[in-house]
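Letters go in sequence order (proteins before strands), and every chain restarts at 1.
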Amino acid sequence: MSPDFQITDFHLDVLKEIGNIGAAHAATSLSQLLNRKVDMYVPSVKLVTFDEMFELAGGAEEHVASIFLRIQGDVTGSMFFMLSIESANHFIQLLTGDEAFDFHQPPVSEIGASSMQELGNILSGSYLSALSDFTSLNIQPTVPSLGVDMVGAIISYGLIEISQYSDEVIVIDTEIRENDNPDTKAIKGNFFLLPDPDSYMTIFRSLGVL
Amino acid sequence: MIARNEVVRVGISDMNIVKAGKTIRTSGLGSCVGIVLYDEFKKIGGMVHIMLPDSSLDRSKKINEAKYADTGIYTLMEILKAEGVRPMSLKAKIAGGAQMFQFGSSDTLRIGPRNVEAVKSELKRLSIPLIAEQTGGSKGRTIEFDPVTAKLSIRSVNEEPIEI
């Protein structure tokens with residue numbers, strides 16, 4: 001990032017809109033996949049320290065299931081779609097009919113793990129293609145990878161590029177949630193989009209707000 | 001009632017020290033490495049949670065020493081020296097450096113093993129003996145050190161805690 005460039009509230013609002021558009025498309029995909037209504041929450045965009053980033057995701061030690069991919073092309077960065085273990089289990093049980101599936105008890109079935117990966121594929125794909133359409137930028141995801149572990153261990157891997165420039169990161173955080181499920185097992189997940197420092201300028205330039 | 005030890009928390013790219021009566025802890029190490037330097041007679045120890053192998057990678061305006069293996073270990077040693085610890089009596093235990101994901105550019109992919117190598121070579125450069133390690137693999141770790149027993153306890157998801 002150019003040293004004299006200051007990110008203003010206006011820029012954060014633009015990034016919020018990106019979270020809005022991306023997650024809205026992902027919510028639609030999830031809704032089609034489950035044949036259930038899915039809600040999306042207003043995104044939050046924050047400049048946070050790495051430790052605060054872990055707190056946003058439930059704390060460094062929290063056990064989660066997360067899809068992780070890198071973004072390549074005109075914009076680079078890291079993207080996570082993160083679910084609690086309970087949400088991930090519930091999703092896989094719905095999709096595969098395997099009621100005994102449990103990430104808490106590895107090794108897990110291959111079909112379960114690959115349907116989780118496929119969920120990540122579909123949701124991040126629709127998020128990023130919406131983003132690409134909106135900005136007219138070339139945005140390519142890598143093949144998503146599934147990690148089931150502690151928040152800190154997973155997210156720090158996506159911070160490696162950023163950490164060479166800064167001790168802080170801009171997080172575009174959007175939550176999507178299955179709607180009409182009265183029990184507490186409703187599927188709920190968060191997208192965390194972490195653009196690399198050079199990429200903000202590219203995004204702002206393409207949207208004409210620089 | 002049993003008095004519980006107070007825990008000093010170390011964040012990512014962060015360091016701190018601890019004396020008898022308290023323990024020191026860092027959570028969610030993935031490819032990062034947690035390094036403990038300690039003096040078992042003075043019962044004092046320090047912990048640094050590094051992310052990257054070498055401070056020559058730094059492109060920021062102001063370097064955070066705790067982020068890198070080379071500057072992190074050196075600075076922690078200096079802090080302990082300022083507390084009256086002789087460098088000769090320092091020992092080290094380390095944990096972390098896992099490979100969490102199976103993709104990425106080759107540099108990023110190998111960041112865990114590279115961190116571990118860099119930590120070992122810096123310890124060697126400073127002549128600090130490495131007493132125990134639990135590194136590599138593909139699981140995250142939370143570690144906690146007690147300067148009285150000089151034991152480092154390590155927890156991973158779905159596994160029994162171990163002590164080194």
Side-chain angles (χ1 to χ4, degrees), chain A residues 1 3-4 48-55 57-70 72 76 78 80 85 102-108 117 141-169 196-198, chain B residues 7 9-14 25-34 49-68 95-105 107-112 114-115 137-144 154-159:
Chain A
M1 209 176 331
D4 31 81
V48 294
T49 65
F50 297 161
D51 284 318
E52 288 164 350
M53 168 74 233
F54 299 157
E55 290 306 316
E61 232 176 313
E62 185 70 16
H63 187 183
V64 293
S66 180
I67 300 295
F68 167 54
L69 57 87
R70 285 285 301 167
Q72 298 163 338
T76 60
S78 297
F80 297 90
I85 297 293
D102 189 358
F103 275 121
H104 283 306
Q105 293 178 349
V108 297
Q117 202 139 353
T142 60
V143 175
S145 197
L146 172 64
V148 181
D149 212 299
M150 299 175 189
V151 162
I154 287 175
I155 293 185
S156 58
Y157 199 76
L159 295 173
I160 290 167
E161 296 288 333
I162 297 166
S163 66
Q164 296 166 27
Y165 296 86
S166 171
D167 288 302
E168 293 178 318
V169 59
D196 288 345
D198 287 338
Chain B
V7 181
R9 291 185 168 274
V10 174
I12 187 169
S13 302
D14 185 19
R25 168 187 175 101
T26 196
S27 302
L29 290 165
S31 57
C32 299
V33 178
H49 178 151
I50 63 107
M51 288 184 85
L52 295 166
D54 193 326
S55 57
S56 67
L57 294 166
D58 197 85
R59 279 168 245 166
S60 68
K61 276 178 284 182
K62 188 180 174 301
I63 187 168
N64 171 1
E65 286 91 359
K67 200 186 297 178
Y68 301 95
Q99 185 173 336
M100 300 303 298
F101 292 95
Q102 307 304 319
F103 76 97
S105 69
D107 277 2
T108 312
L109 191 61
R110 286 211 356 101
I111 195 76
R114 283 173 58 211
N115 279 337
S138 59
K139 287 199 154 194
R141 298 171 171 97
T142 287
I143 63 172
E144 186 168 335
I154 303 167
R155 282 194 308 114
S156 288
V157 159
N158 298 326
E159 276 179 18

What verdict does the side-chain contact (heavy atoms from CB on, under 4.5 Å) test give for A:Ile160 and B:Leu52, after you've listed the backbone C-alpha separation in whole Å, the side-chain angles of each residue and the deciding distance to 0.1 Å? CA-CA 8 Å; A:Ile160 290 167; B:Leu52 295 166; 3.8 Å; yes
Side chain, backbone, both or neither of [X] within contact of chain A (heavy atoms, under 4.5 Å):
X        : answer
B:Thr26  : neither
B:Arg155 : both
B:Ser55  : neither
B:Lys139 : both
B:Asn158 : side chain

Any luck finding a side-chain donor-acceptor pair between A:Asp51 and A:Thr49 under 3.5 Å?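 Side chains of A:Asp51 and A:Thr49: no pair found under 3.5 Å.
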Between B:Tyr68 and B:Asp58, do the side chains contain a donor N or O and an acceptor N or O under 3.5 Å apart?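 There is such a pair (donor and acceptor under 3.5 Å, judged by atom type) between the side chains of B:Asp58 and B:Tyr68.
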About how many Å separate CZ of A:Phe50 and NE2 of B:His49, when rounded to the nearest 0.5 Å?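 Between B:His49 NE2 and A:Phe50 CZ, I get 10.5 Å after rounding to 0.5 Å.
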Part of [X] lying under 4.5 Å from any heavy atom of chain B:
X        : answer
A:Leu146 : backbone
A:Phe103 : backbone
A:Ser166 : backbone

Mutual orientation of the aromatic rings belonging to A:Phe68 and B:Phe101 [parallel < 30°, tilted 30-60°, perpendicular > 60°]: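 The arrangement is tilted - the two ring planes meet at 30° to 60°.
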Are the side chain of B:Asp14 and the backbone of B:Ala66 linked by a donor-acceptor contact shorter than 3.5 Å?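 Here the side-chain-to-backbone pair does not exist.
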Lys/Arg N to Asp/Glu carboxylate O, B:Arg59 vs A:Glu161, below 4.0 Å: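 Here B:Arg59 does not pair with A:Glu161 in a salt bridge, since their nearest N and O are not under 4.0 Å apart.
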Taking every heavy-atom pair that is under 4.5 Å apart, which of A:Val148, A:Ile155, A:Asp167 has the most such pairs with chain B?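 Top option by heavy-atom pairs under 4.5 Å: A:Asp167.
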